[in-house]
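Note that the structure is predicted; figures quoted are calculated from it, not measured. When reading the values below, keep in mind they use all heavy atoms of this one structure, side chains included, and skip hydrogens, waters and symmetry mates.
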Amino acid sequence: MLDSWNDFFVMVGGGTAALAGLIFVATAVNLEVILRNATHRNRAINMLSGFTAVFMACSLALISHQPPRALGVEWLVLWVIATVIFVRGYVVAIRTGMSSIGLNAARLAGGTACYFAEVVAAFLLILGYGAGLYVAAIAAVVLFAFLISGAWLLMVGIYEEQARTKRS
């Protein structure tokens, strides 16, 4: 069952690895600004951990001769951890209120729904339902969009903070 999904996992895994690398470089270049601002710091953590989770999920799916139930258990552990990191980071960013760019209930709900869908997909695989792969694939693509837009919001926030600092 998993073999027919290999192309999807290779494509998505490769894309997320590349984007995680770009986020890492952008974070390193702007490290001082990110460390001063709790919103930027938590958004950077969320983007890196989100892209890393998608990459790891794809990597785990590519392990050959692995039963879908084993993959479900691996994904369950991975996505529960990733969900906790995402929700915690978003809540801390909202509470600190240092940068309000993109911090709203809709983004929190949408991102959380994507992570939750990955957890549901893991449970479906554990229960023996191949539909878990479809749920995971759709959730990963939508999560990918959330992560890319979150990375963009991080860069915009950094730019605006630097512009404010120059004016001061």
Taking only residues two or more places apart in sequence or in another chain, which ones pass salt bridge (charged side-chain N to carboxylate O under 4.0 Å, His left out) with Arg36? Glu32, Glu161
Shared hydrophobic cluster for Ile63 and Ile126 (ILVMFWY, side-chain gaps under 4.5 Å): yes
Hey, any chance Leu108 and Leu143 share a hydrophobic cluster, counting ILVMFWY side chains that come within less than 4.5 Å of each other, even indirectly? yes
Out of curiosity, does Met47 fall in the hydrophobic cluster containing Val141 (side-chain heavy atoms, cut-off under 4.5 Å, transitive links)? yes
Hits for side chain to side chain contact (heavy atoms under 4.5 Å, CB included) against Val80, two or more places apart or cross-chain, chain-then-number order -> Leu76, Val119
Sorted by chain and residue number, the ring pair (Phe, Tyr, Trp, His ring centres under 6.0 Å) partners of Tyr134 (sequence neighbours excluded) come out as Trp5
Using the side chain to side chain donor-acceptor pair (under 3.5 Å) rule, collect all pairs that involve residues 50-59, keeping only residues at least two apart or in two chains. none
Show me, pair by pair, the donor-acceptor contacts under 3.5 angstrom made by side chains of residues 82-91, not counting sequence neighbours?
from: Thr83; atom 1: OG1; to: Trp79; atom 2: O; distance (Å): 2.6
from: Arg88; atom 1: NH1; to: Asn42; atom 2: OD1; distance (Å): 3.4
from: Tyr90; atom 1: OH; to: Gly102; atom 2: O; distance (Å): 2.8
from: Tyr90; atom 1: OH; to: Asn104; atom 2: N; distance (Å): 3.4

List, by chain and number, the other hydrophobic cluster members for Leu154, where Ile, Leu, Val, Met, Phe, Trp and Tyr join if side-chain heavy atoms come within less than 4.5 Å, directly or indirectly. Val33, Ile34, Met155, Ile158
Identify all side-chain donor-acceptor contacts of residues 8-27 below 3.5 Å with residues at least two apart in sequence or on another chain.
from: Thr16; atom 1: OG1; to: Val12; atom 2: O; distance (Å): 3.1
from: Thr16; atom 1: OG1; to: Gly13; atom 2: O; distance (Å): 2.9
from: Thr27; atom 1: OG1; to: Ile23; atom 2: O; distance (Å): 2.7

I need the full list of side chain to side chain donor-acceptor pair (under 3.5 Å) pairs touching residues 135-153, with sequence neighbours left out, sorted by first then second residue. Arg107-Ser149
Can a donor-acceptor pair be found, under 3.5 Å and without considering hydrogens, that links the side chain of Trp75 to the backbone of Ala57? yes
